[in-house]
Participant: 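This structure is in structure tokens; I'll ask about it shortly.
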Protein chains: 2
Amino acid sequence: MKRTKENIVYQVETEEIAKFAKALGHPTRIKILNHLDDASCCYTGDLLEVLPLAQSTISQHLKELKDAGLIQGTVDPPKIKYCINQENWIKAKALFNEFFSKNMNEISCK
Amino acid sequence: MKRTKENIVYQVETEEIAKFAKALGHPTRIKILNHLDDASCCYTGDLLEVLPLAQSTISQHLKELKDAGLIQGTVDPPKIKYCINQENWIKAKALFNEFFSKNMNEISCK
DNA sequence: TATATTAATCGTACATTTGCGATGAACTTA
DNA sequence: TAAGTTCATCGCAAATGTACGATTAATATA
């Protein structure tokens, strides 16, 4: 990557939807988000009971979701409480919604 | 990957949305799909004019979109015509739609 | 202060992704 | 048949992702 064609510039929207999609691109992270829906909030430890993965691995997935802006964590010592980041969630929802309706071209492929 | 926790089983829906999301997780592929919307169809060569990437690289991205089921190619010798795979597109749209509405939990994070 | 709990981070191993140029396969046209 | 066009695939290099155990940091409690 980034060898000769150095830093292609994409539209902001393009970058954003790709960033969200990338964060959603692993079943473990989908499961975490689904769990967050059911529970509305959760601690890292809760996920250890749901997912057969090491604590450090789950922590890493949480970090990716957090970096993408899809979740947020608040300290509740000695735990950390995670929940959906509503603002960005709405943003992502809108982006995907627009993306998928745009490409609904019925006349396609003459 | 796949070191000790060998083959976690996820729900089919979870696997599917992650698969689609992964394919959408790169700005080049988002741009290809947006281009397919504008043009309704396109050849690999068309994308060479739109994206500053090597032909082999674009071909690889097309393969990933095809493997995920989001696009399909039909031979039109000596070219190959790509367009959105309507069936799977609708499927993906529905999956994301459901996913994003599920997690709209306003009461979140007590 | 010492111990326990919780979760992030570090270091490591291996797989996958992304990019390139070169080559090969399929088909047209001269 | 030979040459040209189009695109896939191969082989390689570098970056990134996924998983683990071990360690560290922060806080609460004995």
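In the text below, chain A, chain B and the rest are named by the order of the sequence lines, each starting its count at 1. Everything quoted here is computed from the prediction, not taken from an experiment.
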Participant: Choosing from C:dC20, D:dC20, C:dT18, which nucleotide comes nearest the side chain of B:A54?
Facilitator: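 Per side-chain heavy atoms of B:A54, the pick is C:dC20.
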Participant: Just the rounded figure in Å: distance from C1' of D:dT16 to CG of A:D67.
Facilitator: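 Taking CG of A:D67 and C1' of D:dT16, I get 14 Å after rounding.
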Participant: Once you round to the nearest 0.5 Å, how far does NZ of A:K31 lie from CD of B:E13?
Facilitator: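 If I round to the nearest 0.5 Å, the distance is 13.5 Å.
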Participant: Tell me: CG of B:D76 to C1' of D:dA8, nearest whole Å?
Facilitator: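 For the pair B:D76 CG and D:dA8 C1', the rounded distance is 17 Å.
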Participant: What's touching nucleotides 7-9 of chain C from the protein side, N or O pairs under 3.5 Å?
Facilitator:
residue	atom	partner	partner atom	Å
C:dA7	OP1	A:T44	N	3.3
C:dA7	OP2	A:G45	N	2.9
C:dA8	OP1	A:Y82	OH	2.2
C:dA8	OP2	A:S59	OG	2.3
C:dA8	O5'	A:S59	OG	3.4
C:dA8	N7	A:Q55	NE2	2.8
C:dA8	N6	A:Q55	OE1	3.0

Participant: Short question: side chain of A:W89, backbone of A:L70 - any donor-acceptor pair under 3.5 Å?
Facilitator: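 Not confirmed, A:W89 side chain does not pair with A:L70 backbone.
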Participant: Establish, with yes or no, whether the OP1 or OP2 oxygen of C:dG19 is under 4.0 angstrom from a side-chain nitrogen or oxygen of B:H26.
Facilitator: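 Answer yes for this pair, as a side-chain N or O of B:H26 is under 4.0 Å from OP1 or OP2.
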Participant: Return the orientation label for the A:H26 and B:Y10 ring planes: parallel under 30°, perpendicular over 60°, tilted otherwise.
Facilitator: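 Ring orientation, 0 to 90° scale: perpendicular.
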Participant: Taking OH from B:Y10 and C1' from D:dT18, how many angstroms apart are they, rounded to a whole number?
Facilitator: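 In whole Å, D:dT18 C1' lies 10 Å from B:Y10 OH.
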Participant: Counting only N and O atoms by type, is there a donor-acceptor contact under 3.5 Å from the side chain of B:S101 to the main-chain atoms of B:N97?
Facilitator: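 A pair under 3.5 Å: yes.
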Participant: Between P on C:dG19 and CD on B:E64, what's the gap in Å once rounded to a whole number?
Facilitator: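 From B:E64 CD to C:dG19 P: 10 Å.
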Participant: Counting distance only, does the side-chain N/O of B:R29 pair as donor-acceptor with the main-chain N or O of B:H61 below 3.5 Å?
Facilitator: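 No.
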Participant: Starting at atom CD of B:Q72, determine the distance to atom P of D:dC7, rounded to an integer number of angstrom.
Facilitator: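 About 17 Å, once rounded to whole Å.
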Participant: Does D:dA19 have its OP1 or OP2 closer than 4.0 Å to a side-chain nitrogen or oxygen of A:H61?
Facilitator: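 Affirmative; the distance criterion is met.
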Participant: Starting from P on D:dT18, measure out to CG on A:L53 and report it in whole angstrom.
Facilitator: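 Between P of D:dT18 and CG of A:L53: 11 Å.
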Participant: Rounded to whole Å, please give me the gap between CG in B:L65 and C1' in D:dA8.
Facilitator: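 B:L65 atom CG is separated from D:dA8 atom C1' by 15 Å.
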Participant: Side chain of B:K22 only, heavy atoms from C-beta on: which candidate in C:dT18, C:dT16, D:dT18 is closest?
Facilitator: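 Looking only at heavy atoms from C-beta outward on B:K22, the closest nucleotide is C:dT16.
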Participant: Please check this pair: side chain of B:N88 against backbone of B:G69, looking for a donor-acceptor N/O pair closer than 3.5 Å.
Facilitator: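 Yes, the answer is positive, given that a donor and an acceptor are paired below the 3.5 Å cut-off.
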Participant: In the single-linkage hydrophobic clustering (I, L, V, M, F, W, Y; side-chain heavy atoms under 4.5 Å), do A:I80 and A:L53 co-cluster?
Facilitator: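 As far as the 4.5 Å side-chain criterion goes, A:L53 and A:I80 are connected within one cluster.
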